[in-house]
Amino acid sequence: MIYTIAILLSLVGYFLIGHLAGRRVKHLDDYLVAGRNAPTFFILGTLVASYLSTSAFLGETGFAYQGYPLVMLIFAALSTSGCLLGALVFGRYLRRSSARTVPEFFGKRFASRRVQNIAGLTTILGLGAYLLGVMQGAGIMFAELTGLPYWVGLVLVWLTYTGFILYSGSPGVMLTDTVMFVIFSLAALGGSLYILQDLGGWHGVIEGLLSQSEKPDIALWHGVIEGQGASFSTPGEALTWSLTLGLVWAAVLAASPWQSSRYLMARNEHVVMRSAMLTAVALAIFYALMMMSGAAINLYNDQLDPERAMVWVALNILPTWLGIVILTGVFAAGLSSCSTFLSIIGFSLSNDILPPSLNEASAMRTSRIAVLVAGLVTLLLALFQPPAVMTVVWFAATLFASSWGPVALMSIWSRRITAAGAGWGLTIGFVSNLALSLMLQAGWVTLPVYLHPVILSTLAALVAILLASHLTQVSQAERDYRAFLHQRDTSLEAKWVSGTRWVAACTMLTGIAVGAFLWRQYATTLAQLAGRYAIPEGTVLGGYMLAIGCGGMLLIAGAVGYWVVRPRKLALQEVRLARP
């Protein structure tokens, strides 16, 4: 009963917070992009909250429980690099454009309403699937905790986030995301530390996992590669999967609409850089703790449904107060993603698909109607579609890696891409990924692990971009807008450089700390236990390489950020041109 009360109170709390934020909404820019005045902490909160959902707490932690904690850690080391990559090569230029949505940015960059329409349509379809997955995760959580029917949880969750989005728009989403970020960060930290400490620390957990026989090799870097439930058959296959999907999710973090659109609300480009580096730090710490904790649950009970393992621990192992924090944190993660995705879908439908409104009042009314309609459609689908949280979320995310990734990168750095190339790249990347994924799901085709549908569809999108751009000409409007994006006014940035470099330095120090922690707590412990449990020497070496890689990614991210924001002398050619 106490868990039911906690969940219901959290729903009421988020609804009230969202409505309080709505009092500041006076203009269309306030509603769509929070007045473009958000500080670093709010952008950090909404970035992390948008990325971590019930898929991370239930699906990915469940995959670690299933036998692959270190595979997920390798995946995370690569994928979180996309935070800084996105800010460096796309996010800060997106902020410079002052667009209201990312599809609108593409429309401006290529001087084409058609490209904006295509980008908006892929946003609605792809994020609709993603929203479906995280809504189902929140519904499962509600049913598990309260004993009430699954559909009741879905309806209450939908009413909560739809209610405050309709009124407050982006400010409500940003503020509630930040509150949720604080709650589930405390939940992840507190729950993980309790589990690890209860089982004897990292040394005790690793030794316990090595000694059990139900999931052999779960404590090794490649995870379980034997037995009926194994997802991989060789260490090479596990490594290939983690590297491939890590790079795919790096592209998702760099260019996907629910991540990159957060930069449109930032106060300036330095806020973009700072929040990106801090997001990488937050995600690295989250995965280092949660994946090992997910595997450690096996030492309590190795017969659980993987996607419900964290819920079981909160209800049966943790102290009641900490269980409440964990469960409301997981619930908050799902709710924050729902609010983000629905707001982006609604905004894109009103701003990028429907004809432009005549005035701000009409535009805001259209946006609210679009949010309501999109939410109702998703709710109906969630009620009748069987839940498959991690599968749906990962499928939806890869759609943007193949369609948006190449176009987003080339829109900033290529002089030759044309509006036709961008339109066909978005379309082919999206449709080919969708078709291949559905054929795999139906069993019509089989592909090796290194030929994931997102790889093939990304290559198809690149070919489409190159061919269409070769057959068409870059217009003068496209040249002018790209030139505008690459102009900078260093006199306006000078006062922000010092703070951003401090954040970069802290990112580098965190990278060193994470690497040293994994070296000592995981790799060294594995080496000490190697003789007792006959661990292959190459596996021990892999543990050390994992520690170096995970820490090294943050170290490199911080170093690149530190170099990029170095002070520059004001040059005439750097003064910002008038916006086209």
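What you see is a predicted model; the values in this text were computed from it and never measured.
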Minimal heavy-atom distance between F90 and A254, with the atoms involved, is CD2-O, 3.8 Å
For residues T378 and W158, determine if any side-chain heavy atom of one lies less than 4.5 Å from a side-chain heavy atom of the other.
no
Quickly, which of W241, F75, Y287 forms a ring-ring contact (aromatic ring centres under 6.0 Å, His included) with F63? Name it, please.
W241
Can you find a heavy atom in the side chain of M292 that is under 4.5 Å from one in the side chain of V205?
yes
When you measure from the centre of the six-membered ring of Y68, is the NZ or CZ of K215 closer than 6.0 Å and no more than 45° off the axis?
no
Could you pull out all residues at least two apart from E207 that satisfy salt bridge (charged side-chain N to carboxylate O under 4.0 Å, His left out)?
R532
Ignoring hydrogens, what is the shortest heavy-atom contact between A296 and I195? Give both atom names and the distance.
CB-CG2, 4.0 Å
Specify the closest pair of heavy atoms between T458 and A401, including all atoms of both residues, with the distance to one decimal.
OG1-O, 4.1 Å
Checking the side chain of Y533 only, and the main-chain atoms of L526 only, is there a donor and an acceptor separated by less than 3.5 Å?
no
Could you pull out the closest heavy-atom pair between A284 and L554, with the gap in Å?
CB-CD1, 3.7 Å
Y300 and N316: side chain donor to acceptor below 3.5 Å:
no
Taking all atoms of both residues into account, what is the closest heavy-atom pair of G223 and V71, and its distance?
N-CG2, 4.3 Å
Could you tell me the separation between the CH2 atom of W202 and the OG1 atom of T525, rounded to the nearest 0.5 Å?
9.0 Å
Calculate, to the nearest 0.5 Å, the distance between atoms CG and OH belonging to L253 and Y51 respectively.
5.0 Å
If you compare all heavy atoms of L78 against all heavy atoms of S242, which two are closest, and at what distance to 0.1 Å?
CD1-O, 4.3 Å
For a 4.5 angstrom cut-off between non-hydrogen side-chain atoms, does W258 reach V252?
yes
Interatomic spacing from CG in L47 to OG1 in T340 - rounded to 0.5 Å
9.5 Å
